[in-house]
Amino acid sequence: MAQDSPPNKSTPTNHRRSRTKFTQDQLKVLIKAFDKNPYPGYATKEKLALEVNTEESRIQIWFQNRRARHQKKSESDENLESSQDHDHLEEEIQSREDRHRRCRTNYTPSQLHTLVEAFSNNAYPGFDSREQLAKEIGIPEPRIQVWFQNRRSRFHVQRKREPDKNLEQRQDQEQDL
DNA sequence: GCTAATCTTATCAACAACCTGTTGATAAGCCCATTAGC
């Protein structure tokens, strides 16, 4: 059965990915892009990744973290800058055009079998395990990470629903008697 | 202490079949998510 709790800190295979250290030059590029559009689409993130010589997944995480830290500030700024509505409108249009998502990954039955088996052994694989799986089935590691996130989430939802289902079954049985 | 990495939860959206369920991708997180490396 899948491990249904966050990873054990003492488990050696559950290492995190090593921290990315962005240089000042890289940060300059990223901050400029963020100020222009805090919700870049996949194409823009890919372009930025090339420009600052890192992986697209690192760009995605950087934007997520930056939004989390700057959401509050930008909301209050927006109230002060109501005179700049026109500029905001143009940016909004541009950002809407740039919201194309990454293409869906289509897993083959064999790839899914490997993933499901891995999930049943450990629902919280560390970076090394994810990399190993990625190599094994030929899918990028960030996609593996998302697959596990979705699988855990749906696993938790299913588990929450199960008691209700059991209760319904019991009620049905009682009615039959 | 700052911030990259990771987590859960909710939602969007593509896809297979024809309206809806499944599932990959993305966003938010409010006593402003938590964890952990530097």
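In what follows, every chain begins at residue 1, and chains take the letters A, B, ... in the order their sequences are listed.
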Margin query: Evaluate A:Q60 against A:Y42 for side-chain contact (heavy atoms from CB on, under 4.5 Å), listing each step before the verdict.
Written below: CA-CA 9 Å; A:Q60 183 165 24; A:Y42 177 62; over 6 Å; no
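Checked by distance alone, A:R101 brings a side-chain donor or acceptor within 3.5 Å of a matching partner on the base of B:dC12.
B:dG1 and B:dA27: their P atoms are spaced 31 Å apart (whole Å). Nucleotides B:dT34 and B:dG29 are separated by 10 Å at their C1' atoms, to the nearest Å. Taking atom P on both nucleotides, B:dC30 is separated from B:dT26 by 22 Å, rounded to a whole Å. The same atom, P, is picked in B:dC15 and in B:dC38; the two are 40 Å apart, to the nearest Å. B:dT22 and B:dA17 are spaced 14 Å apart, taking the P atom of each and rounding to whole Å. Comparing B:dA14 with B:dC19, their C1' atoms sit 15 Å apart, to the nearest whole Å. Rounded to whole Å, the C1' atom of B:dC32 lies 16 Å from the corresponding atom of B:dC2. When the C1' atom is compared between B:dA36 and B:dC12, the two are found 31 Å apart, to the nearest whole Å.
Atom P of nucleotide B:dG24 and atom CZ of A:F148 are separated by 12 Å, given to the nearest angstrom. With rounding to whole Å, A:Q158 atom CD is found 10 Å from B:dT22 atom P. The interatomic distance linking A:N65 (CG) with B:dA27 (P) rounds to 13 Å, in whole Å. Counting to the nearest Å, the C1' atom of B:dC2 and the CZ atom of A:R69 are 8 Å from each other. Residue A:E56 contributes atom CD, which lies 16 Å from atom C1' of B:dA4 at whole-angstrom precision.
Within the 4.0 Å cut-off from OP1 or OP2 of B:dT23, not a single side-chain nitrogen or oxygen of A:R151 is found. Checking the phosphate oxygens (OP1, OP2) of B:dT6, a side-chain nitrogen or oxygen of A:R17 falls inside 4.0 Å. Side-chain N/O atoms of A:Q60 include one lying less than 4.0 angstrom from OP1 or OP2 on B:dT26. The side chain of A:R67 contributes an N or O atom lying less than 4.0 Å from OP1 or OP2 of B:dA27. For B:dA5, the OP1/OP2 oxygens have no side-chain nitrogen or oxygen of A:S18 closer than 4.0 Å. Distances shorter than 4.0 Å separate some side-chain N or O of A:R143 from OP1 or OP2 on B:dA25. A sub-4.0 Å separation between OP1 or OP2 of B:dT8 and a side-chain N or O of A:Y124 is present.
With distances taken from any side-chain atom of A:R152 to the nucleotides B:dT8, B:dA28, B:dT3, the minimum falls on B:dT8. For A:R154, the side-chain atoms get nearest to B:dT11 when compared with the rest of B:dT11, B:dC15, B:dT6. Nearest to the side chain of A:H156, among B:dT26, B:dA4, B:dT9, sits B:dT9. Among the nucleotides B:dT6, B:dT9, B:dA25, the one closest to the side chain of A:Q64 is B:dT6. Comparing B:dA27, B:dT9, B:dA14 by their nearest atom to the side chain of A:Y39 picks out B:dA27.
Counting any heavy atom pair closer than 4.0 Å across all strands shown, A:S153 reaches a base atom. If you check every strand for non-hydrogen atoms under 4.0 Å, A:Q145 touches sugar and phosphate atoms only. Residue-level contact check: A:R19 touches the bases, meaning some heavy atom is under 4.0 Å from a base atom. Note on A:R66: nothing from the nucleic acid sits closer than 4.0 angstrom, heavy atoms only.
A 3.5 Å limit on both hydrogen-bonding distances identifies no Watson-Crick or G-U partner for B:dA17.
By the 6.0 Å contact criterion, CD on A:Q132 is open, its count of non-hydrogen atoms from other residues, nucleotides or ligands being 12 or less.
The aromatic rings of A:Y107 and A:W147 sit perpendicular, their planes meeting at an angle over 60°, well past the 30° parallel limit. The aromatic rings of A:F119 and A:F155 sit perpendicular, their planes meeting at an angle over 60°, well past the 30° parallel limit.
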